[in-house]
Amino acid sequence: MARRLHNFNGGLMLDDHKHEPTRIAAAPSHIPPRLYLPLHQHIGSPAAPVVQAGDEVLKGQLIARATDYISAAVHASSSGVVEAIADFPLPHPSGLQGPCIVIRTDGHDRWLKRDHLPRRDFRSRDAHELRQEIRDAGIVGMGGAGFPTAVKLNPGPKNKIDTLILNGAECEPYITCDDLLMRERPEEIIEGMRVMLHILGAANGVIAIESNKQEAYRCMLAAVQAVRDAALEVIMIPTIYPTGGEKQLIKVLTGREVPARGLPANIGVVMQNVATAAAVYRAVVLGEPLVSRYLTLAGGVPHACNLEVLLGTPIQFLIEELHGVRTTVDKIIMGGPMMGFALHSDQAPVIKTTNAILLSTVADRPLPARGEPMACIRCGECARVCPAQLLPQQLYWYARAREFERAQSHHLFDCIECGCCDYVCPSHIPLVQYYRYAKTEISAQLRDKQRAEIARERHESRQQRLERQKLERAQRHEARKAVVESGSLDELANAESRDAKKAAIQAAVERAKVKRESSGLEVKNIDGLAPEAQQKIAEVEARRAHRPPPDDNTVK
Amino acid sequence: MLPLKTPSSPHAHAMSSVSIVMLKVIVALIPGIIASVYFFGWGTLINVVLAAATALLSEAFVLRLRGHAVMPALLDGSALVTALLLAVALPPIAPWWISVLGSLFAIVITKQLYGGLGYNPFNPAMAGYAFLLISFPAAMTTWLLPEVVSGVHLNLIESLRVIFLQKWPMELHVDAVSMATPLDLIKTQLGVHRTISEIRFGTSIIGDFGGKGIEWVGNWYLLGGLWLLYMRVITWHIPFLMLATLFAFSTLFSLYDPDVYSWPMFHIFSGGTLLCAFFIATDPVTAATTPRGRLIYGAGIGALIYIIRTWGGYPDAVAFAVLLMNIAAPTIDYYTQPRVYGYDK
Amino acid sequence: MAILALALLAVVFGAVLGYAAVRFRVEGDPLVDKIDAILPQTQCGQCTYPGCRPYATAIAHGEADINQCPPGGEAGIRALAELLGREPKPLNPENGAEKPKSVAVIDEKICIGCTLCIQACPVDAILGAAKLMHTVIAAECTGCELCIPPCPVNCIVMLPLKMDPATWKWPYPQIPVKHIAGAHP
């Protein structure tokens with residue numbers, strides 16, 4: 001099937017640095033002495049631990065459950081003992097620490113017992129059931145976003161999906177983990193794709209591979225041809241950064257644009273990374289939760305390579321495992337050179353969304369430090385390469401001047417932070433940093449505004465309450481004064497008021513009794529008690545039935 | 001492990017910088033400058049040196065006053081480019097203080113006073129030129145006859161004496177070697193009601209398509225400009241639209257009344273048209289930035305050049321056309337924002 | 001002739017403007033509401049007014065300056081300056097200093113249940129009753145610190161909010177500006 005490809009605006013042709021690591025197969029990495037599993041490796045609510053310090057866990061055992069619909073579970077990547085659940089360095093650009101479950105591994109790597117024969121009968125199973133298995137396996141988007149896959153595979157009744165796209169583009173330089181996965185485990189990817197097609201009820205499945213991955217293309221094509229499924233096609237796309245971006249890839253393959261503030265599901269498309277598809281296969285067919293992933297280690301290392309790494313492995317362990325790494329590393333990038341972030345600590349662990357670790361040495365090799373920024377000369381190169389068709393120059397001016405409203409009117413939040421503008425800027429201005437600053441600042445201001453609104457409402461309610469109390473007090477004071485002044489009417493008035501009150505209470509009791517009897521509601525909090533306790537309660541009740549009613553003085 | 005550096009992404013960069021861009025522009029100007037020297041003598045080169053020296057010195061001085069680091073700013077080459085563009089627009093026999101004053105005005109007042117590189121709303125070279133034209137009209141409109149016409153060649157020493165001391169070599173009278181520019185000539189001749197064909201074939205200074213000599217200098221600027229296009233330093237929008245609009249206007253009017261309106265090739269190959277199209281109008285700091293905006297900007301300059309040349313008070317309109325469109329550039333940008341991915345607009 | 005023409009133009013344009021002023025009049029928000037929308041609603045009183053609304057009213061009437069609100073910080077002053085068309089100025093140190101966002105926490109071992117803090121809290125963020133344990137509802141606490149002085153046993157402390165990756169902000173890019181020794185800054 002020849003599918004007509006479209007273009008997206010802008011983009012760059014970059015040196016891909018992919019030759020070296022793809023010459024060798026991916027090797028499984030060793031088991032580190034400790035695994036650090038953050039509770040929040042995904043988009044959505046953090047997972048909640050279901051183990052505690054001292055518990056023994058097996059590989060694949062659930063150690064934290066999903067807390068919400070948009071949330072994901074965490075599983076033990078190897079067997080051992082839970083050492084602690086505490087704050088440890090997170091793989092996050094902030095360098096902050098966050099709650100992690102630490103497992104001291106025993107080296108045996110024993111799997112949790114699964115009497116799970118490979119279930120290849122996914123076609124006969126319900127989509128809901130399959131989604132639940134994917135959810136229970138803790139699978140999230142492994143291309144970098146980390147969105148819970150089970151949620152993405154549930155676009156809802158309003159969105160009719162016709163195309164599932166598997167993103168094998170891997171457009172960032174240096175990263176080759178998906179490339180190797182496609183070469184080594186194409187059947188898993190294809191099978192996972194078919195599971196997802198079945199869940200979505202989509203008619204077409206497209207696997208997109210960039211033209212610099214000829215070998216991977218051949219392997220995937222062969223695997224697709226082997227299953228003889230007419231719904232699947234493998235497409236080669238031109239190697240332009242950032243073709244692998246979700247919005248750009250959808251435009252290239254289908255010509256449709258994802259509506260602003262909308263989702264691909266709105267235009268009938270769902271996209272998943274190839275590694276996610278392989279993980280879906282492992283979960284649904286083999287019953288394995290997500291415990292490891294392929295990862296590229298490149299940059300200032302003697303031999304760039306790909307490893308299959310257990311989730312939770314500290315980066316430092318990986319670096320040390322590669323003997324001969326120069327100790328002059330002073331920059332560790334998690335991700336690619338265009339969109340990856342620098343780590344503050346080498347103790348940060350590998351998580352579900354880590355696709356590459358790039359090292360750079362003191363001599364700034366191979367990722368040179370940024371040149372001294374100069375003034376913007378308004379050359380317009382940034383706008384020429386922007387894949388979102390924005391005006392990065394204007395966004396820069398407004399973000400720099402902290403004019404956040406204007407920045408938003410120029411569609412700041414449509415920026416995908418690909419870094420193309422920054423890459424070409426002749427003045428070496430850190431454009432993406434300005435946009436990130438503006439975005440988080442605007443989000444924080446929005447949060448503050450919402451909190452301030454609530455505080456204002458509470459304050460106003462409190463003022464009203466105080467006013468009302470003052471008024472009531474004044475009224476009562478007036479009423480009492482009037483009664484006192486009227487003298488003889490005192491007794492009568494008091495008695496009248498007392499009678500009125502008594503009648504009101506009696507009426508309320510009657511109403512409650514009627515309601516209780518008519519609804520059949522009985523107080524049931526004594527059901528579960530032991531017979532002796534029940535006996536005691538019965539005695540007390542009997543005593544109370546014979547007591548005289550309370551007199552008026554106790555009624556307030 | 002050493003303490004880790006945590007810069008923001010991206011961690012890679014293209015091999016480009018402001019200096020490299022400016023260097024390419026200078027390289028593209030060199031053929032035209034050489035052609036200028038060939039046709040009009042050493043005067044152009046002396047002007048270039050004077051303007052460049054003044055520009056760099058004055059920029060260094062103002063940067064020091066402002067407390068900025070001087071060397072990185074000087075090395076970016078933008079002052080040099082401004083000086084070159086101004087110098088090649090000046091008459092080769094203009095007194096030395098013309099180049100110096102023009103350069104000073106361009107750098108200090110038009111550029112640095114507004115905030116330096118990237119912050120000036122007006123094209124510095126053109127602002128300097130306009131300032132000189134308005135203040136010293138006589139000195140600015142006395143061009144040298146191209147050597148192919150006058151047969152006179154001033155060597156370096158003689159040129160220096162002319163420029164610095166206003167002393168001509170003994171045997172020459174200034175009238176024999178100087179002239180008004182072809183544009184000026186046509187304007188004044190039209191004013192005495194001669195027709196275009198009479199003027200064209202009646203004088204020796206108008207060549208095959210433009211002013212003699214000047215047309216060939218223009219060709220070399222054209223070549224330099226095309227190289228800049230190829231090197232992706234400039235985009236096609238502004239030069240193409242400017243020339244196309246100028247061509248369209250002049251063709252229209254010339255067809256309507258060829259005796260009163262100059263022919264299209266003349267407009268394109270005379271004056272500073274080609275220099276402007278590829279080097280001056282494309283100055284990124286002062287031009288429009290959006291693609292559609294650049295089309296409008298280029299077309300505006302082309303139209304204004306024709307209008308001012310034909311009906312305005314000055315013979316060559318490039319400087320004023322550019323300055324007028326500089327004023328409009330921000331508004332043009334505002335109304336020509338491109339459609340963003342995912343939006344219908 | 002020219003005078004007549006100019007006079008006529010003046011009359012015509014004057015009529016047009018007058019008509020437009022009446023026909024197209026826009027009822028804007030009262031200024032006090034706009035100012036109040038910018039203020040952070042901490043209701044702390046550091047501005048010397050008993051709450052954010054009185055301060056907003058004072059600003060609108062020109063009785064108070066725009067730099068008296070520490071919780072609003074520099075961003076707040078700038079927003080007020082932009083709204084009112086004035087120059088932003090630094091926070092007045094007499095009104096306090098910008099502090100990191102904090103919430104009040106009651107040490108339950110010491111609390112005696114006197115309700116003085118409950119009465120002081122401007123947003124009713126303290127839960128409790130007489131002789132019963134008091135506690136601060138952290139989500140509602142604005143960090144105004146008005147509960148601290150009334151407490152007779154000093155059991156309330158302000159704890160800064162812990163930064164977590166979800167609320168972390170990218171810093172403003174700092175480009176070091178090189179100054180030459182001896183030159184004016």
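Throughout, protein chains are lettered first and strands after them, A, B, ... in sequence-line order, and every chain is numbered starting at 1.
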### Query
Which value, rounded to the nearest 0.5 Å, describes the distance between B/K5 atom NZ and A/I333 atom CD1?
10.5 Å
### Query
Looking at B/P10 and A/R370, what are the two nearest heavy atoms and their distance?
O-NH2, 3.7 Å
## Note on the structure
Nearest heavy-atom approach of A/A342 to B/P7 is CB-O, 3.7 Å
### Task
Look up atom CZ in A/F341 and atom NE2 in B/H11, then write down how far apart they are to the nearest 0.5 Å.
9.5 Å
### Query
Do you know which two heavy atoms are closest between A/K331 and B/L4, and how far apart they sit?
N-CD2, 4.0 Å
### Message
How long is the straight-line distance from NE2 of A/H410 back to CD of B/Q337, given to the nearest 0.5 Å?
### Response
4.5 Å
### Task
Check whether more than 12 heavy atoms from other residues, nucleotides or ligands sit under 6.0 Å from atom CZ of A/F413, and answer yes or no.
yes
### Query
Can you tell which of A/Q394, A/R378, A/Q393 makes a side chain to side chain donor-acceptor pair (under 3.5 Å) with B/D333?
A/R378
### Message
Given heavy-atom pairs under 4.5 angstrom as the criterion, report whether the side chain, backbone, both or neither of A/L391 touches chain B.
### Response
side chain
### Approximate separation, where rounding is to 0.5 Å, of B/S9 OG and A/Q433 CD
8.5 Å
### Task
Give, as side chain, backbone, both or neither, the part of A/S360 having an atom under 4.5 angstrom from any heavy atom of chain B.
neither
### Task
Tell me, for A/D414 versus chain B, whether the close heavy atoms (under 4.5 Å) come from the side chain, the backbone, both or neither.
side chain
### Query
Going by residue number, which parts of residues 113-131 of chain B are within reach of chain A, meaning a heavy-atom gap below 4.5 Å?
B/L117, B/G118, B/Y119
### Task
Under 4.5 Å, counting heavy-atom pairs only, tell me which of A/M339, A/M374, A/K247 racks up the most with chain B.
A/K247
#### Entry: Closest non-hydrogen atom pair, B/Y341 against A/R256
OH-O, 4.2 Å
### Query
Between A/V258, A/V432, A/L367, which has the largest tally of heavy atom pairs under 4.5 Å with chain B?
A/V258
#### Entry: Straight-line distance of A/I332 CD1 to B/T6 OG1, nearest 0.5 Å
11.5 Å
### Message
Does any backbone or side-chain atom of A/M338 lie under 4.5 Å from a heavy atom of chain B? Answer side chain, backbone, both or neither.
### Response
both
### Task
Against chain B, work out which of A/G380, A/P93, A/C379, A/A375 has the most heavy-atom pairs shorter than 4.5 Å and name it.
A/C379
### Query
Taking atom CE of B/M22 and atom CD1 of A/I377, what is their separation to the nearest 0.5 Å?
5.0 Å
### Task
Enumerate by number any residue of residues 222-237 of chain B whose heavy atoms lie under 4.5 Å from heavy atoms of chain A; in the absence of such residues, state 'none'.
B/R232
### Task
Would you check if the side chain of A/H428 reaches a backbone N or O of B/S16 as a donor-acceptor pair within less than 3.5 Å?
yes
#### Entry: A/C376 portion near chain B, given a 4.5 angstrom heavy-atom threshold
backbone
### Query
Quick one: does A/E257's side chain have a donor or acceptor within less than 3.5 Å of a partner on B/G342's backbone?
yes
### Message
If you define the side chain from C-beta out and look only at heavy atoms, does anything of B/Y343 sit under 4.5 Å from A/H411?
### Response
yes
